[in-house]
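First the structure, then my questions, so here it is.
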Amino acid sequence: MRKGLTNYGQHKRTVLVVDDELINREILGNILDEEYNVLYAENGAQAIEILRNQSSTISIVLLDLNMPIMDGFQVIEITKSDEYIRDIPFIVLTSEKTAETKSLKMGAADFIKKPYDVPEVILARVWRIIELYEGRMIIKSTEKDPLTGVLSKGFFFEYASLMNRYDDIPDMDAVVLNFFHFGLFNELYGFNEGDKVLKTIANVASEYVSKYHGIISRYDGDIFYLYMDHHDSYKELDKDIKKELEKNFKNHHAHVNIGIYHKPQDENNLKVAFDKAKSACSKIKYTYQNSIAIYDQTLHDKNVYYEQLIHDIHDGIADNQLKVYLQPKYYIKDDVPRLGAAEALVRWQHPKFGMVSPGDFITLFEENGLIQLVDRYVWNETAKAIRNWKDTFGKAVPVSVNVSRVDILDPNIVEIIKSIVDKNGLSSSDLHLEITESAYSSDMKQLIETVCNLRNEGFEIEMDDFGSGYSSLNMLTSLPIDVLKMDMKFVRSMDTDPTSFKVIKLILEIANFLSVPVVAEGVENETQYKMLKDEGCDYIQGYYFSKPLPKDEFTELLKKSL
Ligand code: C2E
Ligand code: MG
Ligand code: MG
């Protein structure tokens with residue numbers, strides 16, 4: 001047996017010899033017999049029958065052209081149009097020059113001239129074609145995904161980058177299809193149904209990409225990658241997929257998400273383009289109503305930024321990158337306003353992003369609980385600062401710290417805050433606690449209990465951003481508080497919008513009724529200040545008096561005012 005590049009196994013290959021003349025069949029049989037299993041057919045019709053019955057075992061066909069019943073050309077034509085046998089190679093046996101060219105054009109792999117050459121030449125030609133054919137089959141089998149028949153991942157990227165090399169390549173779209181909850185689908189309906197779903201998606205998507213000169217691959221499990229000419233709307237693809245899934249998998253909740261990245265002509269990194277399509281796709285992972293998402297740079301940047309902040313916060317705290325700023329609260333009931341208190345506000349001096357404001361990370365960290373680390377750091381730093389002022393000046397002003405919803409849910413919150421105060425030799429009245437609106441939407445009972453416990457320990461509770469949500473008025477009747485902080489949005493428009501001013505007057509009346517002082521946040525000009533003073537507001541916190549200040553600057557201000 002010869003060795004070849006595709007020499008899997010040492011078994012004999014099978015050759016089908018098709019010739020109407022017995023003598024010719026015998027000559028070829030004698031030549032091939034030692035190295036091959038040889039099958040014979042006397043005419044084209046017989047040949048087709050044998051090919052169809054034994055398509056998987058026949059490696060090559062030696063085909064005479066002039067035969068009764070069905071000639072060689074017809075055999076080639078029928079074979080090439082039958083998907084199960086079209087890949088089997090033919091060597092044509094002929095003595096006519098014109099027939100050679102015609103058969104090669106029709107798809108024959110080679111020809112052998114009659115009268116026959118020396119046996120070695122025939123054997124060599126037969127083997128060469130078998131080798132070529134088998135090599136091609138191996139490539140073909142890795143080229144396609146066996147289940148769905150679409151391109152395999154490696155070939156997909158090969159072809160896609162070939163497409164990118166065309167001179168006149170237009171803008172292209174990188175598109176990712178992701179079947180929703182495929183694992184669950186398999187578990188519920190079985191792997192056969194799962195396979196069927198994938199085939200359905202592959203079929204619909206293949207048809208679609210062909211309209212836009214595109215290609216498709218099954219990238220991984222239930223993920224398909226599509227690459228095609230750019231166009232604005234993918235509603236048609238979405239509709240086609242939905243229709244087929246609905247038809248074949250009624251009541252199975254089969255659902256596909258489509259993520260799209262519009263790749264400009266000059267952008268060449270395909271992996272990056274598909275990553276972007278994928279991230280668009282995962283953006284709508286959990287929104288069943290929405291099945292199409294187009295990649296949007298801002299959203300992506302934001303996500304990357306948030307991920308980075310989450311990643312960096314531990315180091316940030318360990319390296320003292322968090323800075324506690326202090327914003328004065330001025331008491332305005334007397335003739336001359338005086339510094340009466342302050343609020344501690346965190347900033348993050350990030351090594352890469354510079355000064356990051358709490359607006360960027362408080363909500364983010366509330367979502368994953370990291371806020372507790374930040375808050376404890378701020379409470380500790382604030383307590384240390386108060387201790388410092390007391391040591392230096394003999395006294396200080398009370399400073400309020402923000403307490404988030406997540407802190408309230410911590411069963412140890414009271415002990416934690418108490419121990420910070422104790423550790424620094426302070427009394428509870430030195431540290432006020434601002435509880436924001438967002439906390440009121442969590443467990444009411446627990447909130448009330450925690451607030452009561454904190455007050456029993458002597459802490460003053462300030463209700464932050466009063467009026468910004470729905471529950472605050474309602475909460476006032478059941479939640480014992482010491483200070484009301486009016487939400488900035490009313491203050492900022494009070495001098496231009498009469499309704500805001502009415503709301504402010506109402507809040508001041510409520511506070512008066514409850515006998516608690518009011519802090520107005522966000523006061524930026526003299527008019528606002530004067531209006532608030534006239535209406536009997538107690539404290540003002542805002543840029544009109546001072547922005548939040550770094551600790552040293554605040555210390556200077558405090559020194560002067562004491
Ligand atoms: P907040 O507790 O209501 O703090 C007041 C915010 O209003 C601060 O924003 C302050 O800089 C800003 N502000 C004060 N006066 C003016 C003014 O006249 N004009 C304008 N435009 N703004 C003014 P900041 O520092 O960006 O903090 C935003 C929010 O982040 C805070 O709102 C608070 O809810 C939260 N936060 C800040 N630091 C912490 C912290 O250490 N822990 C927690 N849990 N949240 C914090
Ligand atoms: Mg606050
Ligand atoms: Mg506030």
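In listed order, ligands and their atoms are each counted from 1.
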note = At under 4.0 Å between heavy atoms, what of Gln327 touches ligand 1? The answer is side chain
Ligand 1 to Val374 polar contact by distance, N or O atoms, under 3.5 Å =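 No, since none of the N or O atoms of Val374 sits under 3.5 Å from an N or O of ligand 1.
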inquiry  = Below 30° counts as parallel, above 60° as perpendicular, anything between as tilted: where do the rings of His231 and Tyr212 land?
reply    = parallel
key: Any protein heavy atom nearer than 4.0 Å to atom 29 (C) of ligand 1   = no
task = Could you say whether the N/O atoms of Tyr544 and ligand 1 ever approach to under 3.5 Å?
result = no
inquiry  = Please check whether Ser357 reaches ligand 1 - meaning an N/O of the residue sits under 3.5 Å from an N/O of the ligand, judged on distance alone.
reply    =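 N/O-N/O distance under 3.5 Å: no.
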key: Under 2.8 Å: N/O/S of Asp487 next to the Mg ion (ligand 3)   =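 So Asp487 does not bind the Mg ion (ligand 3) by this criterion.
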query = Checking only N/O/S atoms, does Glu521 have one that is under 2.8 Å from the Mg ion (ligand 3)?
reply = yes
ask   = Which one of Asp407, Asp464, Ile408, Asn402 satisfies the side-chain contact (heavy atoms from CB on, under 4.5 Å) criterion with Ile435?
value = Ile408
request  = For residues Phe180 and Phe185, establish whether the separation of their ring centroids is below 6.0 Å.
outcome  = no
request  = Please find out if the Mg ion (ligand 3) and some N, O or S atom of Asp464 are separated by less than 2.8 Å.
outcome  =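 So Asp464 counts as coordinating the Mg ion (ligand 3), yes.
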note = Out of Glu521, Arg347, Gln528, Lys329, the nearest non-hydrogen contact to atom 5 (C) of ligand 1 is supplied by Glu521
